[in-house]
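Residue numbers start from 1 in every chain, and the chains themselves are labelled A, B, ... in the order their sequence lines are given, proteins ahead of strands.
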Number of protein chains: 2
Amino acid sequence: MGNPTIYDVARTAGVGVGTVSRVLNNSTRVSPETQEKVMSAIWALGYRRSKVARQLSTGIQHRNIGAIMPYITPPSFVERLRGIQMALSHQDNDFNLILYTVSEPDRQREQLLTIIDQSTVDGLLITALNISDEERSLLTQAGIPFVLLSDECNGENNCISPDNIQGGALATQHLLQLGHRRVAYVGDAFPNNYGIPTSELRYQGYLSALESYGIAFNSNYVALGVHGEEAAYTLTQALLNLPEPPTAIFAMSDIQAVGCIQAIRAAGLRVPEDISVIGFDDVQLSRYVGLTTIRQHLEQSGYMGMQTLLEMLNTPDQVLPRQLPPLELIVRGTTQPFNPVQGAG
Amino acid sequence: MGNPTIYDVARTAGVGVGTVSRVLNNSTRVSPETQEKVMSAIWALGYRRSKVARQLSTGIQHRNIGAIMPYITPPSFVERLRGIQMALSHQDNDFNLILYTVSEPDRQREQLLTIIDQSTVDGLLITALNISDEERSLLTQAGIPFVLLSDECNGENNCISPDNIQGGALATQHLLQLGHRRVAYVGDAFPNNYGIPTSELRYQGYLSALESYGIAFNSNYVALGVHGEEAAYTLTQALLNLPEPPTAIFAMSDIQAVGCIQAIRAAGLRVPEDISVIGFDDVQLSRYVGLTTIRQHLEQSGYMGMQTLLEMLNTPDQVLPRQLPPLELIVRGTTQPFNPVQGAG
DNA sequence: CTGTTAGCGCGTTCAG
DNA sequence: CTGAACGCGCTAACAG
């Protein structure tokens, strides 16, 4: 049933396995004619040599590090990927980077099991995924060190995350300080499919900032939907149609902020003259768009995550817990002080 | 010298290897106390079981596909990655995706050799890299199928590329049709470090378009430098200081076009009122910036590349050569007809 | 130049 | 419940 082996090749070529191995490895010590016989046998049988057997025999150990995340191409993941990549190349380990994407939330467990079962990786970097206690112990049991790039850590030292609540507060405070009072929140509906509480945490920050400024909470100003530019666009349209539309919007991510801005412009209004918009993340795009936002050092978090994982693999004894630099308000061109004239909406 | 094996563990635990294997695999049929003995032996020796041996023994074959490219995070690579990823998940193969980045051009050969030598991958997708004849035959000899995502194919059917010359002509023609006569080219100095002729090809297109419109070539309007936004910015500044500055710029990539635009604005001029700018690639960013550009279907090229590689791996008999859809002019907001008033520069 | 044989480290029988 | 022996597919060392 299985694929043909060197023994099969040797037999049909009428030679010994050693010879086959030799031609496979370009050992020059083979006569041209036997070489030819072997080659044709290989071709006839469709033989392909087994990676694993070869590796076991040669003793060559190539180590793999897996990085698993829901997506790889949205800006915020690209940034982290860059950091991951940098950490990997900086300490020129000979680690291979294997990328896994969790195509559907339901399949996360299954994928993790496969990874563990096939023992494909020596370490795992888990990004923006919610790992159950069972999954954790499975990983530990299998002896696979892992670190979490998460949105909420409970004091674990193999976990790195920004302070999303504080970030949400920071963004909202900026708007409030500018004099805005009708401040909306545009974010993902929570809990989302992957069980990540990002939106909820930033929303909590929004709430607390409102409270510390003594501003009454208005549920009409909370617009939740699926993640992405399009949804943010639609959500914003609804916001603009309110009897008293907001004069400022805090979008939980830069990409959603862009959606908000486009909706505002499509409605014939200007940013920031008529409505201020602040995002979150500070992905590369935001620089080009001139978006005011909260920088959460995504690239660095990827870097640190990979760095600690490498430590866990190389010197398991002492891994130092790392901490991200504090969140930063980056003021660019999409927010400005509240102007009493505005709000004619 | 090597790492401890189950034999070592068995010996120090005073049991047989079979028992060790059982506790390693959660076989419940082990008495709690021997289990305990084994565990502590494992811990004491710092034992970690060998992936390869396990795989060889269980017969589990996990196949790896490698994707190698100079970088992974610039927009044009992200787009291709998305396509690669999609192709991989669409036909739910159980292939792992291993990402390699060629940190330095000089190390490309070395990295390829390592990949071949360690027989890490079953197939290789080579993106934006110049592969020598020797490297090709090394790959072939090792039985590793590969496909090229390149910028110039010589009729090979394991190679996918856009028609860069035609694209360059397309972009330039657009500017010319709008009435511009002083048209500049901003691109990478060629040949670049990785030996990729992209810039040169698009430049050829630029030249041919100029010629077909009977416009004299002016070397002052050709600005070449390292790739990236910053360099394009500087290059553009020089262009603007010319006695007769260009009224339109063709930048060989979107990211460079963005650099041009920023330089123009920094000089107090407007795009497109004072100077028109067209890019190349149509990466996601361009949509947000409203950049006129040439769409080269990057995502689709990644998809097609992975698709044909999978075919080569699964049904080596017949792989159909694929062809990218034609390049497309995408007119957005950064180009407009030449206005005789402009050029006061 | 070539056939034979002994491991590589682990899982899994098969007897105890 | 546990220990011993075999085999996974290949490489390398050793005789011819």
Looking only at the side chain of A/Leu56 (C-beta and beyond, no hydrogens), which of the listed nucleotides C/dT13, D/dG9, D/dC10 gets closest?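 Of the candidates, D/dG9 comes closest.
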Of the candidate nucleotides D/dT11, C/dG11, D/dC1, which contains the atom at the shortest distance from the side chain of A/Asn25?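 Among the listed nucleotides, the one closest to the side chain of A/Asn25 is D/dT11.
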Take atom [atom1] of [X] and atom [atom2] of [N], then tell me their distance rounded to the nearest Å.
{"X": "B/Tyr7", "N": "C/dG9", "atom1": "OH", "atom2": "P", "value": "10 Å"}
{"X": "B/Glu33", "N": "D/dC1", "atom1": "CD", "atom2": "C1'", "value": "11 Å"}
{"X": "B/Asp8", "N": "C/dG9", "atom1": "CG", "atom2": "P", "value": "9 Å"}
{"X": "B/Arg22", "N": "C/dG9", "atom1": "CZ", "atom2": "C1'", "value": "16 Å"}
{"X": "A/Arg54", "N": "D/dA12", "atom1": "CZ", "atom2": "C1'", "value": "12 Å"}
{"X": "A/Lys37", "N": "C/dC1", "atom1": "NZ", "atom2": "P", "value": "14 Å"}
{"X": "B/Glu36", "N": "D/dC1", "atom1": "CD", "atom2": "P", "value": "17 Å"}
{"X": "B/Ile42", "N": "C/dC10", "atom1": "CD1", "atom2": "C1'", "value": "13 Å"}

Looking at [X], does any N or O in its side chain come under 4.0 Å of the phosphate oxygens OP1/OP2 on [N]?
{"X": "B/Thr34", "N": "D/dC1", "result": "no"}
{"X": "B/Ser21", "N": "C/dG11", "result": "yes"}
{"X": "B/Ser31", "N": "D/dT2", "result": "yes"}

What nucleic acid atoms does B/Gly59 come within less than 4.0 Å of, heavy atoms only: base, sugar-phosphate, or nothing?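 Nothing, no heavy atom under 4.0 Å.
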Using a heavy-atom cut-off of under 4.0 Å over every strand shown, decide if B/Val20 touches base, sugar-phosphate, or nothing.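 Nothing, no heavy atom under 4.0 Å.
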Show your working on salt bridge (Lys or Arg N to Asp or Glu O under 4.0 Å) between B/Glu104 and B/Arg107 and close with a plain yes or no. CA-CA 5 Å; B/Glu104 294 164 43; B/Arg107 295 194 50 201; 5.6 Å; no
At their closest point, which heavy atom of A/Leu81 faces which heavy atom of A/Leu99, and how far apart are they?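 In this case the closest contact between A/Leu81 and A/Leu99 is CD1-CD1, 4.2 Å.
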Minimum-distance pair of heavy atoms, taken over all atoms of A/Ile72 and A/Phe77: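 For A/Ile72 versus A/Phe77, the nearest heavy atoms are O-CB, 3.9 Å.
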Looking only at N and O atoms, is any donor in the side chain of B/Arg49 or the base of C/dG11 less than 3.5 Å from an acceptor on the other one?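 Donor-acceptor pair under 3.5 Å: no.
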What about B/Arg48, does its side chain sit under 3.5 Å from the base of C/dG9 through a donor-acceptor pair?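 Under the 3.5 Å cut-off, the side chain and the base do not form any donor-acceptor pair.
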Between B/Val17 and B/Ala53, name the one whose nearest nucleotide on DNA chain C is closer to the 5' end.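 So the residue in question is B/Ala53.
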First of B/Thr19 and A/Gly18 reached from the 5' end of DNA chain D, by closest nucleotide: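 Residue closer to the 5' terminus by nearest nucleotide: B/Thr19.
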side-chain contact (heavy atoms from CB on, under 4.5 Å) partner of B/Tyr100, chosen from B/Leu125, B/Leu112, B/Ile68: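 The residue from B/Leu125, B/Leu112, B/Ile68 that satisfies side-chain contact (heavy atoms from CB on, under 4.5 Å) with B/Tyr100 turns out to be B/Ile68.
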Please test A/Ser76 against A/Arg80 for side-chain contact (heavy atoms from CB on, under 4.5 Å), starting from the C-alpha separation and ending with a verdict. CA-CA 7 Å; A/Ser76 64; A/Arg80 281 181 275 219; 3.7 Å; yes
